[in-house]
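Letters go in sequence order (proteins before strands), and every chain restarts at 1.
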2 protein chains.
Amino acid sequence: MSATLYGIGIGPGDSELLTLKAVRLIAEVPVLAWPAPLEGDGLARTIAAPHIPAGKTEIAIRMGFTVDRDGTEAAYDRAAEEIAAHLDAGRDVAVLCEGDPFFFGSFIYLFARLSPRFPVEVVPGVSSIMAAAADLQAPLCAWDDGVAVIPATRTEAEIEAALAASDAAVIMKVGRHLPKVRGVLQRLGLWDKARIVERVGLPGRRAHDPATVTELPYFSLILVHRRGNAWL
Amino acid sequence: MSATLYGIGIGPGDSELLTLKAVRLIAEVPVLAWPAPLEGDGLARTIAAPHIPAGKTEIAIRMGFTVDRDGTEAAYDRAAEEIAAHLDAGRDVAVLCEGDPFFFGSFIYLFARLSPRFPVEVVPGVSSIMAAAADLQAPLCAWDDGVAVIPATRTEAEIEAALAASDAAVIMKVGRHLPKVRGVLQRLGLWDKARIVERVGLPGRRAHDPATVTELPYFSLILVHRRGNAWL
């Protein structure tokens, strides 16, 4: 029986939002891997830290924040080989994933490389979009609402088409795209209904009023519902 | 200080997919409420059961599965008053919510009624769409993918517009709408890429091949990605 690769969702930031299953596997699996910046622990390890037993073998998957796609692919190739060496030696490996592993998670690129060779189990986690709705006390969707999740990097026309085809939307990673996103939402009469939060679940978390917000960091989200509130 | 209403996401079915925070609050909060069919415990209580201490005060929010919206509103009115009586008496109340409370959750209707009168805290949970991606080993989205969540009750034109405006989609609660959904996906050349699961996270869970599926229950989901796989 081959060793197993686990992709473990650890939620949006609060160390109490790990699932029981994530906590159990972090304790049981002998090797932990986690995405990290070029120096330091990174967010995933910090979130999971209270649940990591002492003496665990750990692999930091180091990657610059601004590397190009080719550079990113090379970094995942190296990380996959390091993880594969443990799996080949019969040691299970758990990869810590902020939020949910398969919802914009970097685990996807390790899964692509390693799932043809090893058994994989994915433990879903609480995603930032659910955490943002809870934080802002803004129900995301109800009844038979259609929902669009839209990265703010998309073009104006793409954002507008996705909003037109849905009742509710989550616009992710707003950052420097704020003027574009605000412009589209204003044209559609939705800007006044926007709920905005940066760094949800993290230190420095801050909600914003659409009337006064002037800038947002990369880790920010806008929720908007066509009816204003999902329950109407 | 008024008593607090908690909306607690308990995840998609596996009792180990509750968060540590959900488990702590279920232990601490003196009154638990849970949505239920006209007889029996219902899914939410069954999922949370291993974590419910003996002797807890419990409120079953009973509702027929097929009641009209007026009947549903009346049932939520009654449940809100029963919960408000505990809160007025200084007793915190935790409402158990399958998946995430604010993502198509019935907690939204209690929140609408009670949040003007009482402090509320929402604990986000693992949603069925994340659980389905993990179960099917089908990453939902990566890079700057746009994602549509589409209830299968929507019209063919609405489903087609939402699919056209996104890279990845989750079609929820397929059930008797299977022929319509399949027709739209076939027209768009996406049916062969569909991943299908019924009762994800629950007893009777079953994945289906798009080539052979003939019927699906209400609790079923279709995941589809325009590129076939999110990592491509």
Side-chain angles (χ1 to χ4, degrees), chain A residues 7 9 11-12 14-21 23-24 100-105 107-109 111-112 115 120-127 129-131 133-135 137-151 153-154 158-159 161-166 173 229-232, chain B residues 7 9 11-12 14-21 23-24 100-105 107-109 111-112 115 120-127 129-131 133-135 137-151 153-154 158-159 161-166 173 229-232:
Chain A
D14 180 346
S15 299
E16 216 187 354
L17 288 180
L18 272 78
T19 63
L20 299 175
K21 188 167 188 175
V23 172
R24 174 175 63 80
D100 177 82
F102 276 172
F103 187 74
F104 297 108
F107 179 71
I108 291 170
Y109 311 111
F111 177 80
S115 64
V120 179
E121 186 178 342
V122 177
V123 179
V126 175
S127 89
I129 66 175
M130 313 300 170
D135 174 285
Q137 304 222 336
L140 205 48
C141 49
W143 306 107
D144 66 347
D145 285 335
V147 184
V149 179
I150 311 169
T153 48
R154 304 303 292 254
E158 288 169 338
I159 295 171
L163 288 166
S166 64
K173 302 176 186 175
N229 273 312
W231 64 77
L232 298 176
Chain B
D14 181 345
S15 299
E16 216 186 353
L17 288 179
L18 272 77
T19 63
L20 298 175
K21 188 166 188 175
V23 171
R24 175 175 63 79
D100 177 82
F102 277 171
F103 188 74
F104 297 109
F107 179 70
I108 292 170
Y109 311 110
F111 177 80
S115 63
V120 178
E121 186 178 341
V122 177
V123 179
V126 175
S127 88
I129 68 176
M130 313 300 171
D135 175 286
Q137 303 221 336
L140 205 47
C141 49
W143 306 106
D144 67 347
D145 285 334
V147 184
V149 179
I150 312 169
T153 48
R154 304 302 291 253
E158 288 168 338
I159 295 171
L163 288 166
S166 63
K173 302 176 186 175
N229 273 312
W231 64 77
L232 297 176

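Among B:Ala133, B:Pro139, B:Ala165, the residue making the largest number of heavy-atom pairs under 4.5 Å with chain A is B:Pro139. Counting heavy-atom pairs under 4.5 Å between each of A:Cys141, A:Ala161, A:Ala142 and chain B puts A:Cys141 at the top. The candidate from A:Leu163, A:Val147, A:Val120 with the greatest count of non-hydrogen atom pairs under 4.5 Å with chain B is A:Val147. Ranking B:Asp145, B:Asp14, B:Val122, B:Asp135 against chain A, the residue ahead of the rest is B:Asp145, based on heavy-atom pairs under 4.5 Å. With chain B as the partner, the residue from A:Ala164, A:Ala112, A:Gly11, A:Ser166 showing the most heavy-atom pairs under 4.5 Å is A:Ala112. For chain A, the option among B:Ala134, B:Ser127, B:Gly7 with the highest count of heavy-atom pairs below 4.5 Å is B:Ala134.
Among residues two or more places apart in sequence or in another chain, the side-chain contact (heavy atoms from CB on, under 4.5 Å) test is passed with A:Lys173 by A:Tyr218. For the ring-ring contact (aromatic ring centres under 6.0 Å, His included) test, residues two or more places apart in sequence or in another chain that qualify with B:Phe102 are B:Phe111.
Summarising the geometry of B:Pro12 relative to B:Leu17, their closest heavy-atom pair is CG-CD1, 3.9 Å, with the distance given to 0.1 Å. Among all heavy-atom pairs drawn from B:Gly125 and B:Pro101, the shortest one is N-CD, 4.1 Å. Taking both residues in full, the closest heavy atoms of B:Ala148 and B:Ala162 are given as CB-O, 3.8 Å, listed atom of the first, atom of the second, then distance. Here the shortest heavy-atom pairing between B:Ser15 and B:Leu18 reads O-CD1, 3.5 Å.
B:Glu16 contributes no side-chain N or O that, together with a main-chain N or O of A:Thr19, makes up a donor-acceptor pair within less than 3.5 Å.
Only the backbone of B:Ala138 comes within less than 4.5 Å of a heavy atom of chain A; no side-chain atom from C-beta onward does. Neither the backbone nor the side chain of B:Asn229 comes within contact range of chain A, judged by heavy atoms closer than 4.5 Å. Contact of B:Tyr109 with chain A is made through the side chain alone, with heavy-atom distances under 4.5 Å. Within the 4.5 angstrom heavy-atom criterion, atoms from both the backbone and the side chain of B:Asp144 approach chain A. With a 4.5 Å cut-off on non-hydrogen atoms, B:Val23 touches chain A through its side chain but not through its backbone. At a 4.5 Å heavy-atom cutoff, B:Ser115 makes no contact with chain A through either its backbone or its side chain. For B:Leu232, the part lying under 4.5 angstrom from a heavy atom of chain A is the backbone only.
With contacts defined as side-chain heavy-atom distances shorter than 4.5 Å, the pair B:Leu140/A:Phe104 does not qualify.
For the atom pair CD1 (B:Ile108) and CH2 (A:Trp231), the distance works out to 9.0 Å, reported to the nearest 0.5 Å.
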